[in-house]
Amino acid sequence: MGEDIVSEIMREYLQQLAAKGTRVDGRKLDEYRQIEIKKNVISSAEGSAQVSIGNTSVLVGVKVELGEPFPDTPNVGVLTTNAELIPLASPTFEAGPPNEEGIELARVVDRGLREGRVIDLEKLCVAPGEKVWIIFVDIHVLDYDGNLFDAAYLASLAALTCTRVPASAQGMGEDFPLPLNGLPIECTVVKIKNAMMVDPALDEEKIADVRLTMAIDENGNIRAVQKGLAGSFSVEEVRKVISMCQVCSSKLREILKSS
Amino acid sequence: MGEDIVSEIMREYLQQLAAKGTRVDGRKLDEYRQIEIKKNVISSAEGSAQVSIGNTSVLVGVKVELGEPFPDTPNVGVLTTNAELIPLASPTFEAGPPNEEGIELARVVDRGLREGRVIDLEKLCVAPGEKVWIIFVDIHVLDYDGNLFDAAYLASLAALTCTRVPASAQGMGEDFPLPLNGLPIECTVVKIKNAMMVDPALDEEKIADVRLTMAIDENGNIRAVQKGLAGSFSVEEVRKVISMCQVCSSKLREILKSS
Amino acid sequence: MGEDIVSEIMREYLQQLAAKGTRVDGRKLDEYRQIEIKKNVISSAEGSAQVSIGNTSVLVGVKVELGEPFPDTPNVGVLTTNAELIPLASPTFEAGPPNEEGIELARVVDRGLREGRVIDLEKLCVAPGEKVWIIFVDIHVLDYDGNLFDAAYLASLAALTCTRVPASAQGMGEDFPLPLNGLPIECTVVKIKNAMMVDPALDEEKIADVRLTMAIDENGNIRAVQKGLAGSFSVEEVRKVISMCQVCSSKLREILKSS
Amino acid sequence: MSGIGMENKPKLVDENGRRIDGRKLDELRPIRIEAGVLKRADGSAYVEWGENKVLAAVYGPREAKPKHIQNPARAIVQCRYNMAPFSVSERKRPGPDRRSVEISKITGEVFENVLFLEMFPRASVDIFIEVLQANAGTRCAGITAASVALADAGIPMADLVPACAAGKIDGQIALDLKKEEDNYGEADLPVAIIPRTKEIVLLQMDGNMSQSEFETALNMAIDACMKIYELQKEALKNKYKGEQEVEREEVQTPKQEQR
Amino acid sequence: MSGIGMENKPKLVDENGRRIDGRKLDELRPIRIEAGVLKRADGSAYVEWGENKVLAAVYGPREAKPKHIQNPARAIVQCRYNMAPFSVSERKRPGPDRRSVEISKITGEVFENVLFLEMFPRASVDIFIEVLQANAGTRCAGITAASVALADAGIPMADLVPACAAGKIDGQIALDLKKEEDNYGEADLPVAIIPRTKEIVLLQMDGNMSQSEFETALNMAIDACMKIYELQKEALKNKYKGEQEVEREEVQTPKQEQR
Amino acid sequence: MSGIGMENKPKLVDENGRRIDGRKLDELRPIRIEAGVLKRADGSAYVEWGENKVLAAVYGPREAKPKHIQNPARAIVQCRYNMAPFSVSERKRPGPDRRSVEISKITGEVFENVLFLEMFPRASVDIFIEVLQANAGTRCAGITAASVALADAGIPMADLVPACAAGKIDGQIALDLKKEEDNYGEADLPVAIIPRTKEIVLLQMDGNMSQSEFETALNMAIDACMKIYELQKEALKNKYKGEQEVEREEVQTPKQEQR
């Protein structure tokens, strides 16, 4: 029995469940799998966090180093986000430079952090045009069971909230916490046939028609959006996704704050 | 009927035509296809030109930026020529870094410009050993129907003739035209069996035995030569090619000047 | 008859010979093939040597250039070792960036030179934190008939012993010989079934169970070790290898000194 | 979008609701679409959109290569969005950067919605988008052009796909931001739709919008898409008309005299 | 090891024979091993070893790809040792450097000694080692973790492979060097063994040791390997116990209520 | 050739028509050719030409890999021209640069003229040229060496291909420019011919020559090629003689006593 037939059977089964408002692991459509956030897990990093959403697990390490600013923003620190879909995490990941999945992941996380103005980069200038703090957010996927975007984003945010700028090692006074502005949260919704559900597990992700990720800030405003996969939404469905993301982002923000 | 048989039939047909002094599109052996030169087509470039020879179309953009000179020529500007055989232009072009065809194209154009001393690079020094103007000639092939060398060279030359050095944006006085020395012209001849013809169209190029490209300056002197393909010339044939290129280069120079 | 059968027959034959203490080319187990060392063979290099061990031939060129020191060792010159297994040298070598064989070779040679403190890198500082001499050891394999490690190491060492630092070209006084500390020698032993033999020829290398390379200094001390291939040694066997390497390294050192 | 470097921000909307280029808030930049501009490609289109110049070409359905990327059940869509080195003010190094890889991915996903891919198992539909001159909005211009190129190639398609962005500048929702508006504005929301069904097939956003602003912008973009849809159809009609005229001419004039 | 930059060298062994972290000369750092920590991998293990944190995952035996790397007679072992960018004090650029390539190679060779590769022709056993936090000794921690991961994957194996280094600091032989000891010490000797047969399957060294020091260190490392072997078996037992407990719980509680 | 940096130009031809190394205008540098210098390669040759040292090896005809590059009708020629890092005064980074790629391409094309490629469908003839020491004229030395290596490999060939450059220095046509003459000269014209037919199979030029100068230089280069042709044949004869001598010796002495 070929893989395609299996996935066809799985597709129908999940569609039927979704139509009834439920899911293969018993969750409701607007329910996340269990979330665990561990901060400061890597002492060689200036900030770090390991986040699991169900069986999906992502480790993010933040390194902070001195470097040159971009010529067009001489007074502003630099944020660099990189994702490695290392083959340890999934039989489908391959060694080598980031492919388009890894690049999209890094860019969607980066967009949420950047557009949500999470880091106050203006405060990271040391000598205008010459030296600024560079923040490297490195996303290391450890176990891939769906919804990498939310897990990677949440881990990045958690790591940033416990990051300290290593000023003392440079003879520049005491270390200080990374200056942060706000905590926009990214939530991902997929559509399976006509049902919309948050936090897709791998099986759901595989057969989803279309995906929408939104970064929502504390005021319920939208900071970033990314539609993915080869499907479509109606305007009405987009409105529905916004509502779902607004509700879930509040919950996730509380989990992050209490972690 | 396999591709090879088709091309065998084409080969024989073109050989017969050539032996009679004519070609599949009705041209004479020493006749170029229709040439069109449009200058200043890209406003984001400091100079640009689109050249079509028949259905072959090449776009060249020239960027001019400040940078460091080579250590062994501290008083001299830098010329860099790059060619992209983007897959948009032909079913046989592939994405990726330049292959040997693209590299040969860039180097043959570069040789014509450099050995012909088209640009007065000595005048592009700003601070000896520290800052000079760097000229990037980027060859973007849009439609490939044979004779890329001549189209790319002509487009590069046309783009350089309308290039302005952006001095004002650097607070270095007014913009000024790129200082030019002369207008050597590259012409390409192929041999099909015993017939020699200029400006090969794609079908002709495919079955040509050997190719010779020459850059000829205003005085009829030879500035650069490149033999290509797996064939040979006699001394007598080389002499013939020089004559053909001398005649055609004058014509092309006139077309360029009046463009 | 497939390749595997041939190599199976060869394996048994070599094992039988080894058990009797002899080898296919008549050597004893602790005997190197004929060694030839030619120094100063490349005038464009600051030092060079061509070493052949039997039919294996390696050319090493040393280039010495000014450059920046590593930030954590501002007073110390830099040693860089690189190996190219160019496809000219063997039907099994492929063009392209160094693969894991080439990298291991370069790193084992580098380790012998570095841990043996062959070069007095502290004497190669020109301006602390700014300018030091950089030593490039480039290993160019020309003919591969087994035991690349020893041939490449010996050629590197021979090239370094005749390297002159090109100070005069930089207006920094007269050229001077590279300051050297000692002459540790790398020797390689392979195990075939239960027999241990030095300097494996290609056929022996192919069927060897395991390999051990040791750098031994003038005092008989061990400076570097690398076990290779998918086999194992007992403690007793390691002790045996040390003895073999101590004896052979003295012989090789004499050959080098008298070259 | 990220609010950095805002000290030089110009006024983007004046007291009369006019923008820096005189446009009203819901006004598109001038758009010109031409179908069938290339000879080698199976289909092609050129779009000038304000100061954007974008070329799209389509090849296929053709055999997907290498074989392991083939899908036995349907054709795959491969898209390459590329910026010419001279398309932006500071020369872009040739080759794909992370932004191009992401745009290529989501653009390919857009067209999976309208192509009848099941008709062509094992095949690939290859879409090439070349940005020749960039001024904000190139991904929408690219999708708009690629749709026309696909139709020009005669590839079976459910509908054309127009694309357009809306955004927020000086606190107001505005259509089709140009570069300065994008740099100094508060949000950008690129959208692509299937006109017949009003399905949204591209949706991205970065910046800061309330839910109601988001919905206003989304609807504004969708309305604009419908206008662009008319321009796309017009371009295809013109191409068809042009071809008929050429055909008529061809009947009257022998080929060689056309030049 | 190379004796460079020794001016800041701290005292590594005090008058009571205690080391900078209070350990005795033959004392291991604290080691914690956990088996089966990942869900997607066929087998996995996590090792904390002093301040090292290393994760290993195993996939296979699975079809080796691409086909030309398959061995018709046996499975191949492919190993990838990788350091996370944030695992060291100065951020490491993602992707393999030469050190990682070498360690990957020799680690793969270690496991060829214990895996029954003839059982799985054409297959590959893929071992992934991720160093999350590094403090000297990561290759030994990686081999130790990978052994447990292979057992956790249920891949037929002759024995577990523990690994440990011994070295020389302040002139004395010491077990399991940590980072400062490695930087300022005189030698490091990583070893891996097959406990049942005491065969040595990994052996490297750099530094400076007499023959008797070398043998002392080798034996000290082998003794330590035997202790680590017990920890490996313990970890596998705990995994097995844990699984049985979960199974018992699963009988009592319906799946969806577990979360 | 480009006339830049001419302020330090030395006098290249003295009043007696003698050049900086004492040669007459039509005099070659000393050339030494040795055939069969490598053991692993199917054929090989070493050329010393003035201060150039070039090694060529040939493998094949052997199966072309990967399969998709095979031509079912004939063998392909693959050529790799490579410069050793230490072959030039400033160390060259390993790996192909654009110049090497171009020379590899045209050198491969040269040999398509003389090899009977139809005899070996699907095969590849692989030519490797290694420049060990460079002093202008390496492409001609490489072609000269590769011809002898092809013959040494016993690959059926219509003729040997000698190559030589002529050029222009201090306004006069001169044969076989060395480095200083190339740097400060006015033109360089490398040529390769098939001696039996006098067909020209390599022809490149850069610089500035009138038509008559060009023809003079071309004929001077062709005459020199005929002399080099004799040296090539001589080298092959010597190789053959040497082999016969060795064979005779081999009859008399058992193999193991030869060393």
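In the text below, chain A, chain B and the rest are named by the order of the sequence lines, each starting its count at 1. Basis for what follows: all heavy atoms, side chains included, without hydrogens, waters or symmetry-related copies.
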Do other residues, nucleotides or ligands put more than 12 heavy atoms under 6.0 Å from [X] [atom1]?
X      : atom1 : result
C/K39  : NZ    : yes
F/K105 : NZ    : yes
C/Q170 : CD    : yes

If you count heavy-atom pairs under 4.5 Å between each of [options] and chain F, which one has the most?
options                     : result
C/S43, C/A95, C/P166, C/P98 : C/S43
C/P87, C/G61, C/A45         : C/P87
C/G96, C/P97, C/A89         : C/A89
C/D145, C/V41, C/V60, C/V62 : C/V41

Under 4.5 Å from any heavy atom of chain F, what part of C/S90 do you find: side chain, backbone, both or neither? both
Less than 4.5 Å apart, any side-chain heavy atom of C/L180 and any of C/T161? yes
Looking at chain C, which one of [options] has the largest number of heavy-atom pairs inside 4.5 Å, strictly under?
options                    : result
F/P94, F/G95, F/S44        : F/P94
F/P85, F/P96, F/A41, F/A56 : F/P85
F/L38, F/V88, F/L55        : F/L38

Under 4.5 Å from any heavy atom of chain C, what part of [X] do you find: side chain, backbone, both or neither?
X     : result
F/D42 : neither
F/K53 : side chain
F/R91 : both

salt_bridge(F/D126, F/R62) N-O dist < 4.0 Å: yes
Distance-only side-chain donor-acceptor flag, F/Y46 / F/R32, under 3.5 Å: no
Examine distances only and state if a side-chain atom of C/D143 and a backbone atom of C/S57 form a donor-acceptor pair shorter than 3.5 Å. no
Among C/E104, C/E205, C/E204, salt bridge (charged side-chain N to carboxylate O under 4.0 Å, His left out) partner for C/R211: C/E104
